[in-house]
Amino acid sequence: MKGLLNYVEGNSVLHRMNPLSKLIIALLISVSCFLCKGHLFLLGVILVNLALAAVGGIFNRALGLLKTLIKLSIVLFLLQVFFIRDGNILLRLPLNIYITDMGLSFSLLLVLRLMGATMPLTLMLSLTQMNDLSNVMVEKLGIPYKYVFVLITAIRFIPVFMNDMQAIMEAQTARGVEFDTRNIFKKIGLILPLCVPLLVSSVKRIEYGALSAELRGFHHRKKNSGYKQYGFKVQDIGGLALFTLLLVASVFL
Amino acid sequence: MVRFEAVSFGYEGKQTIYDVTFQINQGDFAAIIGANGAGKTTISKLTNGILKPTSGRVLVKGKDTKTTKTSELARTIGFLFQNPDRQICQTTIRDEIMFGLKCVLKDNHEIEERINQTLETFGFDGSRDPFSMSRGERQRIALASVLATRPEILVLDEPTTGLDYRECMQIMELVQELNRQGTTVMMVTHDMELVNDFASRVLVVGGGRLLADGDKTSVFRNAEVLKAASLMPPQISALAQRLGEPFEGIHHVDEMADRIQCLKEGASL
């Protein structure tokens, strides 16, 4: 999981695309995952995601992400499949628990959607510099920088907090807190008191962040303050057209 | 007490420690020095099993860190981190010290006794909130909660970063006193003056390798090793070396003054 959202250097077509079109494409893929009703179509979308990752040179990262998602999906699938009681019963278990064909189909659809829709946004963030993304949102969409900053900061802080948590857990293990236990429930119980140091360091970090942003003229940043221009090129129009087709296909297939 | 046997360590395909072998004996005050990124902190984390070696092994009192849990090693090794805020997780000093003790001790009566003892030694008011105290005070609280468990080995990872001279001395004098009473101390630092004032043995790390291991005098005299590790000897040691043989092995201003006095008297006789 570590470094999942970090930018990966590169010069592929996807790297050179306009950040806004990348964002829109990611959203198009996600939305089409939720609109379509076919399992095969969703499998296709997942493959498209992997193909896009390969083009951007982050195939291994995408594979790692997919593995994590599959683990999560198994848990979700198991939870879901027992709760749908409509349809023909395929398997009867004791305690009046059974699995139906509808339950199976719906649960599979749900986890495939989860996988297909989560990947594009994560991959997009790996192929786009945060600064470019925030600049383009201000410049092209006209969203006030303040709001863009909130969004970007939230994304940027995820790996920072993960590192912090890791360091805190190391420090506590060194004191004798049994984080290296195999018992997962015990581990969760032990993590709770650690929210205090994490909270304290986060609040401090955010306060420093706000202070330094203000010192650098945060409030004076407007739509035309950016130095870089973000134009739309052939690859942007082509990409957008292609994935709009995907969206249309998802409704009709 | 602590033995590294041909230890190598790599993280995400990048090797950071190469074939390091050394042994820290009981009662040693060893300083691990090196430039930033040389691998000092990695070595310190290898000692208590937070990191496990990719090859070779680390033994703490005969126990392999690969097969022993870090939380179990915590009974033998006390570890003070550079940043006390990662360690402190309770809202009063008393609770904070108790939290550490409860991880390694079962007997409530003993825990209570040790808390009171520690509070007295450090002169803390147990009901105060650690988060509202200064950086130096927080470092002292972290140290107090480590020392309350009475570890046989104390590992300090840049314990004085960000502290002023007085706070630094408060911490180091306490550590020195413990060392006199038999606690083995391993200190990671790049503050050469600190090494000079307190350590007896020096290990130089550079580029993930152990470049030198010996007593202060011999290491500080070895200009080649220090250069390879991008370090400068402490000023007083450098001066003693330049002055030549009569000033051999001097590491303190007091010693230097004494020696000069001696030589003066010798000359006037």
Side-chain angles (χ1 to χ4, degrees), chain A residues 1-6 8-9 57-61 63-65 67-68 126 159-209, chain B residues 11-13 41 44-45 47-52 65-92 95-106 129-132 135 138 142 145-149 151 153-157:
Chain A
M1 280 297 275
K2 224 174 185 181
L4 209 57
L5 298 173
N6 289 349
V8 177
E9 291 283 341
I58 50 168
F59 186 70
N60 283 339
R61 182 183 283 209
L63 223 53
L65 176 66
K67 265 187 209 153
T68 318
S126 311
V160 173
F161 285 163
M162 266 164 76
N163 278 342
D164 266 9
M165 197 63 199
Q166 185 68 33
I168 290 170
M169 275 168 74
E170 272 180 10
Q172 300 299 335
T173 315
R175 287 175 82 181
V177 181
E178 275 183 89
F179 278 120
D180 32 16
T181 173
R182 289 220 173 87
N183 184 338
I184 191 124
F185 294 105
K186 200 170 173 189
K187 201 166 169 174
I188 292 170
L190 289 172
I191 284 179
L192 287 177
L194 298 197
C195 295
V196 176
L198 187 66
L199 208 67
V200 168
S201 72
S202 314
V203 170
K204 259 188 205 158
R205 205 186 289 269
I206 288 164
E207 202 178 278
Y208 289 142
Chain B
Y11 181 67
E12 284 180 355
T41 297
S44 73
K45 283 184 179 171
T47 35
N48 72 343
I50 292 181
L51 302 176
K52 315 273 183 199
T65 57
K66 258 188 191 161
T67 51
T68 318
K69 281 203 246 172
T70 303
S71 50
E72 210 176 303
L73 285 171
R75 288 167 219 274
T76 327
I77 299 188
F79 202 112
L80 183 68
F81 286 84
Q82 200 182 115
N83 185 351
D85 296 342
R86 289 181 171 156
Q87 220 159 325
I88 297 171
C89 60
Q90 301 293 321
T91 44
T92 66
D95 286 349
E96 180 58 34
I97 296 170
M98 180 155 34
F99 186 81
L101 277 170
K102 278 205 167 152
C103 294
V104 292
L105 275 180
K106 290 275 168 284
D129 175 10
F131 294 107
S132 64
R135 165 77 209 247
R138 290 204 301 278
S145 67
V146 169
L147 295 186
T149 63
I153 305 163
L154 190 60
V155 181
L156 310 164
D157 185 3

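These values consider heavy atoms only, across backbone and side chains, with no hydrogens, waters or symmetry-generated copies. A, B, ... follow the sequence lines: proteins, then strands. Residue 1 opens every chain.
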What part of [X] gets within 4.5 angstrom of chain A, counting heavy atoms only: side chain, backbone, both, or neither?
| X | answer |
| --- | --- |
| B:I88 | backbone |
| B:V104 | side chain |
| B:S145 | side chain |
| B:D85 | both |
| B:K102 | neither |

List the steps, then state whether side chain to side chain contact (heavy atoms under 4.5 Å, CB included) holds for A:D164 with B:R86. CA-CA 8 Å; A:D164 266 9; B:R86 289 181 171 156; 3.6 Å; yes

What distance do A:R175 atom CZ and B:L101 atom CG have between them, rounded to the nearest 0.5 Å?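 Reported to 0.5 Å precision, the distance equals 9.0 Å.
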
So, taking the atom named CD in A:Q166 and the one named CD1 in B:I50, what distance separates them when rounded to the nearest 0.5 Å?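 That separation rounds to 10.0 Å.
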
Would the distance check show the side chain of B:Q87 and the main-chain N or O of A:Q172 forming a donor-acceptor pair, the cut-off being under 3.5 Å?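 Pair absent, no side-chain N/O of B:Q87 close to backbone of A:Q172.
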
Counting only non-hydrogen atoms closer than 4.5 Å, does A:V177 touch chain B with its backbone (N, CA, C, O), its side chain (CB onward), both, or neither?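 For A:V177, backbone and side chain are both near chain B.
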
So which part of A:S201 gets closer than 4.5 Å to some heavy atom of chain B, the side chain, the backbone, both or neither?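 Neither part; nothing is under 4.5 Å.
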
Pair listing, salt bridge (Lys or Arg N to Asp or Glu O under 4.0 Å) test, anchored in residues 188-199 of chain A, at least two apart: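 Those involving residues 188-199 of chain A do not exist here.
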
Return the option, out of B:C89, B:S71, B:C103, with the maximum number of heavy-atom pairs under 4.5 Å with chain A.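 The candidate making the most pairs under 4.5 Å is B:S71.
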
Contact listing (chain A partner; residues 75-83 of chain B; heavy atom under 4.5 Å):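 Within residues 75-83 of chain B, near chain A: B:I77, B:F79, B:F81.
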
